[in-house]
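A short write-up of the structure that comes next.
Naming convention: chains lettered A, B, ... in sequence-line order (proteins, then strands); numbering from 1 in each chain.
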Number of protein chains: 2
Amino acid sequence: MGRIMDNLESRCIRSGLKMTDQRRTILKVLEGAEDHPSVEMVYERARSQNPSISMATVYRTLNLLDELGVVIRHDFKENFSRYELNAEHHDHLIDLETGDVIEFQDGELEAIKERIAREMGYDLVDHRLELYGKRKRS
Amino acid sequence: MGRIMDNLESRCIRSGLKMTDQRRTILKVLEGAEDHPSVEMVYERARSQNPSISMATVYRTLNLLDELGVVIRHDFKENFSRYELNAEHHDHLIDLETGDVIEFQDGELEAIKERIAREMGYDLVDHRLELYGKRKRS
DNA sequence: CTAGCTGCAAAACATTTGCATTTCG
DNA sequence: CGAAATGCAAATGTTTTGCAGCTAG
């Protein structure tokens with residue numbers, strides 16, 4: 001540990017955030033997450049490490065981190081949001097049967113997105129691509 | 001008119017839906033929409049043609065139409081849903097400055113989406129691609 | 001010390017639902 | 001007539017916020 005967390009922490013501090021226990025805990029939860037946790041999940045995991053943390057703080061913190069670009073907020077076809085640390089760009093494939101979220105990256109795809117935006121007279125600021133599928137039988 | 005609406009209506013009837021004034025009005029609103037209206041907007045437009053229509057009915061109807069595949073529900077990066085008639089497939093570019101939603105279609109892109117899902121061992125059931133951009137200057 | 005955080009509970013929003021009544025077929 | 005649809009108001013689930021007290025820097 002240490003390396004990544006320090007980077008995260010210092011990035012937050014450089015952005016003018018105060019480092020409280022709650023925030024440190026939330027960052028640690030995000031760091032350790034191998035999935036794309038919902039706010040509820042971040043809350044529960046944080047709470048198990050540090051019971052004195054409230055839902056409101058989790059929401060406020062995730063919103064801040066999102067604005068700073070430290071995390072990415074996802075709104076898949078569900079009625080709640082999920083978050084993940086903002087690492088290298090990738091897209092998502094959602095398994096419709098299990099709800100699993102699988103990451104993937106495809107250079108050709110990235111190039112095409114850029115091209116399309118450009119052709120339409122736009123600078124691409126952000127984008128999202130989600131594939132929803134069922135595991136192939138046989 | 002007539003042609004499209006009859007198709008819509010008969011499609012609904014064939015699916016076992018009763019054709020009420022409210023539903024006819026909502027279908028007409030969707031037919032006339034050149035944008036991607038929110039539920040609130042569908043409600044207001046429907047209401048101006050037929051004041052005896054309630055929000056609950058708009059929600060219930062749009063959900064039904066979505067299940068039947070008559071409309072497509074979009075959840076862009078906003079905190080509400082938008083709907084449009086289910087015509088030929090296309091993706092969306094959202095203008096971050098004006099909020100305008102622009103449709104586009106790109107065959108190469110479609111092929112790549114299929115390929116990626118296949119390579120990962122999935123059958124593509126649904127997908128969404130949204131580009132968020134700012135109009136190029138100069 | 002004090003701007004910024006926090007917890008709590010209440011509010012805000014979009015959306016759904018229970019129920020009594022009306023309507024389509 | 002009977003199943004399905006409607007309006008209304010209340011309930012829901014997620015996310016936000018006002019406020020008084022706490023804490024990092």
Side-chain angles (χ1 to χ4, degrees), chain A residues 6 8-29 36-44 46-68 70-83 99, chain B residues 6 8-29 36-44 46-68 70-83 99:
Chain A
D6 285 349
L8 275 182
E9 276 202 30
S10 17
R11 187 158 168 203
C12 292
I13 291 167
R14 257 182 278 119
S15 301
L17 298 194
K18 283 188 182 175
M19 278 312 305
T20 62
D21 278 357
Q22 290 90 331
R23 286 180 178 172
R24 246 185 291 269
T25 305
I26 291 172
L27 287 177
K28 209 188 299 179
V29 166
H36 300 69
S38 61
V39 182
E40 184 74 34
M41 282 185 157
V42 173
Y43 171 62
E44 278 166 20
R47 191 157 241 264
S48 76
Q49 295 186 218
N50 177 354
S52 78
I53 210 170
S54 74
M55 206 48 184
T57 296
V58 176
Y59 270 104
R60 280 189 278 231
T61 302
L62 290 174
N63 279 341
L64 277 172
L65 296 178
D66 183 29
E67 279 163 31
L68 296 183
V70 172
V71 302
I72 299 282
R73 170 184 175 153
H74 295 295
D75 292 284
F76 298 138
K77 298 192 175 186
E78 301 169 310
N79 52 331
F80 55 84
S81 299
R82 293 170 178 264
Y83 290 84
Chain B
D6 285 349
L8 274 183
E9 277 203 31
S10 18
R11 185 157 170 205
C12 292
I13 291 167
R14 260 182 276 118
S15 302
L17 297 194
K18 283 188 182 175
M19 278 312 305
T20 62
D21 278 359
Q22 290 89 332
R23 287 180 177 172
R24 248 185 290 272
T25 306
I26 291 172
L27 287 176
K28 209 187 300 177
V29 166
H36 300 68
S38 61
V39 181
E40 185 74 35
M41 280 183 159
V42 173
Y43 171 63
E44 276 167 22
R47 191 157 240 266
S48 76
Q49 295 185 218
N50 176 354
S52 79
I53 211 171
S54 73
M55 208 47 183
T57 294
V58 177
Y59 270 104
R60 278 189 279 233
T61 303
L62 290 174
N63 279 342
L64 277 172
L65 296 177
D66 184 29
E67 280 163 29
L68 296 183
V70 172
V71 302
I72 298 281
R73 170 184 174 152
H74 294 295
D75 292 284
F76 300 138
K77 298 189 176 189
E78 301 170 310
N79 52 331
F80 56 84
S81 299
R82 293 170 176 266
Y83 290 83

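For B:Arg23 and D:dA5, the shortest distance from a side-chain N or O to OP1 or OP2 is below 4.0 Å. The phosphate of D:dA5 has neither OP1 nor OP2 within less than 4.0 Å of any side-chain N or O from B:Thr57. The shortest distance between the side-chain N/O atoms of A:Tyr59 and the OP1/OP2 oxygens of D:dT16 is not below 4.0 Å. Applying the 4.0 Å criterion to OP1 and OP2 of C:dG4, one finds that A:Thr20 has every side-chain N and O outside that range. A sub-4.0 Å separation between OP1 or OP2 of C:dT15 and a side-chain N or O of B:Asn63 is absent. Of the side-chain N and O atoms in B:Gln22, none sit less than 4.0 angstrom from OP1 or OP2 of C:dT23.
For the pair A:Ile13 CD1 and D:dG25 P, the interatomic distance rounds to 6 Å; values are reported in whole Å. Between A:Leu65 atom CG and D:dT15 atom P the separation is 15 Å, expressed in whole Å. The distance from atom OH of A:Tyr43 to atom P of D:dT15 is 14 Å, rounded to the nearest whole Å. Atom CZ of B:Arg60 and atom P of D:dA9 are 14 Å apart (whole Å). At whole-Å resolution of the value, CG in A:Leu64 and P in C:dT6 are 9 Å apart. The distance between atom CG of A:Asn79 and atom P of C:dT16, rounded to the nearest whole Å, is 9 Å. Spacing between atom CE of B:Met55 and atom P of C:dA14 amounts to 8 Å, rounded to whole angstrom units. B:Asn50 has its CG atom 14 Å from the C1' atom of C:dT23, to the nearest Å.
No salt bridge links B:Arg23 with B:Asp21; every basic N to acidic carboxylate O contact stays at or beyond 4.0 Å.
Nearer to the 5' terminus of DNA chain C, by closest-nucleotide assignment, is the contact made by B:Phe80 (compared with the other of B:Ala56 and B:Phe80). Annotation: of the two residues near DNA chain C, B:Lys18 and A:Thr61, the 5′-most nearest-nucleotide partner is A:Thr61.
In this structure, A:Gln22 and A:Thr61 have side chains that are not in contact, with every pair of non-hydrogen atoms separated by 4.5 Å or more. Side-chain contact between B:Asn63 and B:Arg73 is present, with heavy atoms from C-beta onward closer than 4.5 Å. Side-chain contact check for B:Val39 versus B:Tyr83: some heavy-atom pair is nearer than 4.5 Å.
Counting any heavy atom pair closer than 4.0 Å across all strands shown, B:Asp21 reaches no nucleic acid atom. A:Met19 comes within contact range of the sugar-phosphate backbone alone, with a heavy-atom separation under 4.0 Å but no base atom that close.
Non-hydrogen atoms lying under 4.0 Å from DNA chain C are contributed by nothing in residues 71-78 of chain A.
Panel note: side chain A:Thr57, backbone A:Ile53; no donor-acceptor pair is recorded below 3.5 Å. Between the side chain of A:Arg47 and the backbone N or O of A:Ser52, no donor-acceptor pair lies under 3.5 Å.
Not counting sequence neighbours, the partners of A:Lys77 by the side chain to side chain donor-acceptor pair (under 3.5 Å) test are B:Asp126.
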* Between A:Val58 and A:Glu40, is a side chain to side chain contact (heavy atoms under 4.5 Å, CB included) present by the stated rule, with each step listed? -> CA-CA 9 Å; A:Val58 176; A:Glu40 184 74 34; over 6 Å; no
